[in-house]
Amino acid sequence: MATTHTTRMLIIGSGPAGLSAAIYGARAGMEPIVVQGLQPGGQLTITTDVENYPGFRDVIQGPWLMQEMQAQAEHVGTRMLWDTITEVGLEGPPFRAIGDSGDVYEGDVLVIATGAQARWLGVPGEAELGGKGVSACATCDGFFYRGKKVVVIGGGNTAVEEALYLTNHSPDVTLIHRRDSLRAEKILQDRLMSNPRITVLWNKAVERFTGAPGGALEAVELVDTVTGETSSLATDGAFVAIGHAPATDLFKGKLELDESGYIVVQPGTPKTAIPGVFACGDVMDQTYRQAVTAAGTGCMAALDAERFLAEHAFAAAQKVAAE
């Protein structure tokens, strides 16, 4: 039988943003509920080595970090519930969410932390070599390829920015693009073309990532999109940079989204256009997309949510007193 769960603070999503919001919300007495969704812990649960999260001198594992965040959130009073939200109602407060289980979740404030997922090529070897040479985040993993040969796949701003960033670590960066011109902004293209560490391969598409069985990436297999000729390019690391897809389908027509599908918030805040509804993490950030920035915006969402509830409680008290 369906159950209705009520809370002062309802959080959808359990990555660094959602769990950070939960930790701060619980400590503020909001007794948050976190609905975890299809991928509890978010993108970090499919990330192996994490070397850039503050507070750890040694490399840590992504799944372990998320387990610790969840344990901390629960320790201070968060309720973690396993469900997949299929429908939301933003006419509140209270704001309502309905799960695949049929359960209803109601919150006086709503924090959206549903994240975003990297778009992948979907070619052979990509999944098998994920974390073993194939990545979708140069900022996260570029450090592991110091002095090594790397490739970046894509032709937009993200791909060019990743290629430029990787020159901080690698003397040999190759950008692979399936067309004969880039979609990136001209200033980025100018920086790319003037960098002696970067080579561009035009009209090439990746057909396969290859490596020794159980080992690391060794090469990318290419096909010329004009002639059909095939070739192989040896590399130590490959970064797929063809964009990200924010998990915002639930909110189409209910919240303002930008042209890429990210939730629009007031600049410098996690506040959406609906008072009491906040968005944090990668679902509203297509620029940085780091665990530490997601956690920071989760903190901001919780602080703003607490202020929102306090202001409404004060206004309600004044109204009663006036009557």
Give, for atom [atom1] of [X] and atom [atom2] of [Y], the distance between the pair rounded to the nearest 0.5 Å.
| X | Y | atom1 | atom2 | result |
| --- | --- | --- | --- | --- |
| Glu74 | Ile23 | CD | CD1 | 10.5 Å |
| His75 | Gln70 | NE2 | CD | 14.5 Å |
| Glu31 | Thr7 | CD | OG1 | 7.0 Å |
| Ile11 | Thr114 | CD1 | OG1 | 12.5 Å |
| Asp224 | Ser231 | CG | OG | 7.5 Å |
| Tyr145 | Leu217 | OH | CG | 7.5 Å |

Using a 3.5 Å distance criterion without hydrogens, assess whether the side chain of [X] forms a donor-acceptor pair with backbone atoms of [Y].
| X | Y | value |
| --- | --- | --- |
| Thr225 | Arg178 | yes |
| Asp108 | Leu309 | no |
| Glu162 | Thr158 | no |
| Thr269 | Gln266 | yes |
| Thr235 | Ala219 | no |
| Asp83 | Asp100 | yes |
| Thr230 | Leu222 | no |
| Thr297 | Gly281 | yes |
| Asp282 | Ala116 | no |
| Glu128 | Gly125 | yes |

According to a hydrophobic-cluster definition based on side-chain heavy atoms being under 4.5 Å apart (Ile, Leu, Val, Met, Phe, Trp, Tyr only), do [X] and [Y] belong together?
| X | Y | value |
| --- | --- | --- |
| Leu164 | Met193 | yes |
| Leu192 | Leu188 | yes |
| Ile242 | Trp120 | yes |
| Leu303 | Phe278 | no |

So [Y] and [X], do their side chains get closer than 4.5 Å, heavy atoms only?
| X | Y | answer |
| --- | --- | --- |
| Met80 | Gln36 | yes |
| Val151 | Val173 | no |
| Thr210 | Val220 | no |
| Val240 | Glu126 | yes |
| Pro16 | Met69 | yes |
| Leu19 | Met66 | yes |
| Leu182 | His177 | yes |
| Leu65 | Tyr53 | yes |

(message) Under 3.5 Å, is there a donor on one side chain and an acceptor on the other for Thr6 and Glu106?
(response)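 Absent: no donor and acceptor within the cut-off.
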(message) Between Ser135 and Asp141, is there a side-chain donor-acceptor contact under 3.5 Å, judged purely by atom types and distance?
(response) yes
(message) The criterion is side chain to side chain donor-acceptor pair (under 3.5 Å); which residues satisfy it with Arg289, sequence neighbours excluded?
(response) His244
(message) Which residues pass the side chain to side chain donor-acceptor pair (under 3.5 Å) test with Glu68, not counting sequence neighbours?
(response) none
Looking at [X], I want to see if its [atom1] is surrounded by more than 12 non-hydrogen atoms of other residues, nucleotides or ligands under 6.0 Å.
| X | atom1 | result |
| --- | --- | --- |
| Phe56 | CZ | yes |
| Glu229 | CD | no |
| Arg96 | CZ | no |

Results of ring-ring contact (aromatic ring centres under 6.0 Å, His included) for [X] - residues two or more places apart only:
| X | value |
| --- | --- |
| His169 | Phe143, Tyr165 |
| Tyr24 | none |
| Phe209 | none |

(message) Among Leu233, Val152, Val200, exactly one meets side-chain contact (heavy atoms from CB on, under 4.5 Å) together with Ile176. Which residue is that?
(response)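 For Ile176, the side-chain contact (heavy atoms from CB on, under 4.5 Å) check succeeds only for Leu233.
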(message) Applying the side-chain contact (heavy atoms from CB on, under 4.5 Å) criterion to Ile198, which one of Asp172, Thr174, Thr167 satisfies it?
(response)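 Filter result, single survivor: Thr167.
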(request) Could you pull out all residues at least two apart from Asp258 that satisfy salt bridge (Lys or Arg N to Asp or Glu O under 4.0 Å)? (result)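 For Asp258 there are no salt bridge (Lys or Arg N to Asp or Glu O under 4.0 Å) partners, ignoring immediate neighbours.
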(request) Could you tell me which residues satisfy salt bridge (Lys or Arg N to Asp or Glu O under 4.0 Å) with Arg8, sequence neighbours excluded, listed by chain and number? (result)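 Arg8: no salt bridge (Lys or Arg N to Asp or Glu O under 4.0 Å) contacts found.
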(message) Test question: given the 4.5 Å side-chain rule for I, L, V, M, F, W and Y, name all other residues clustered with Val35, or answer none.
(response)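 Joined to Val35, directly or through intermediates: Leu10, Ile12, Ile33, Leu81, Ile85, Val88, Leu90, Phe95, Tyr105, Leu110, Ile112, Leu250, Phe251, Leu255, Leu257, Ile263, Val265, Ile274, Val277, Val283, Met284.
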What are the two closest non-hydrogen atoms of [X] and [Y], and how far apart are they?
| X | Y | value |
| --- | --- | --- |
| Ala118 | Ala136 | CB-CB, 3.6 Å |
| Val111 | Cys280 | CG1-SG, 3.6 Å |
| Leu129 | Ala216 | CD2-C, 3.9 Å |
| Cys137 | Phe239 | O-CE2, 3.8 Å |
| Asp304 | Pro270 | OD2-CD, 3.1 Å |
| Ala305 | Met9 | CB-CE, 4.4 Å |

(message) Restricting to side chain to side chain contact (heavy atoms under 4.5 Å, CB included), what partner residues turn up for Asn52, sequence neighbours left out?
(response)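 Residues passing side chain to side chain contact (heavy atoms under 4.5 Å, CB included) with Asn52: Val50, Gln290.
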(message) If the threshold is 4.0 Å, N to carboxylate O, is there a salt bridge linking Asp236 and Lys148?
(response)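 Not counted as a salt bridge, because no side-chain N and carboxylate O are separated by less than 4.0 Å.
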(request) Scan for disulfide (SG to SG under 2.5 Å) pairs involving residues 167-215, sequence neighbours excluded, and state none if there are none. (result)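 Every candidate disulfide (SG to SG under 2.5 Å) pair involving residues 167-215 fails, so no pair, neighbours aside, qualifies.
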(request) May I have all residue pairs that pass disulfide (SG to SG under 2.5 Å) and include part of residues 78-117, sequence neighbours excluded? (result) none
(message) Per the side chain to side chain donor-acceptor pair (under 3.5 Å) rule, what does the pair list look like for residues 187-203, sequence neighbours excluded?
(response)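 Qualifying pairs, neighbours excluded: Lys186-Asp190.
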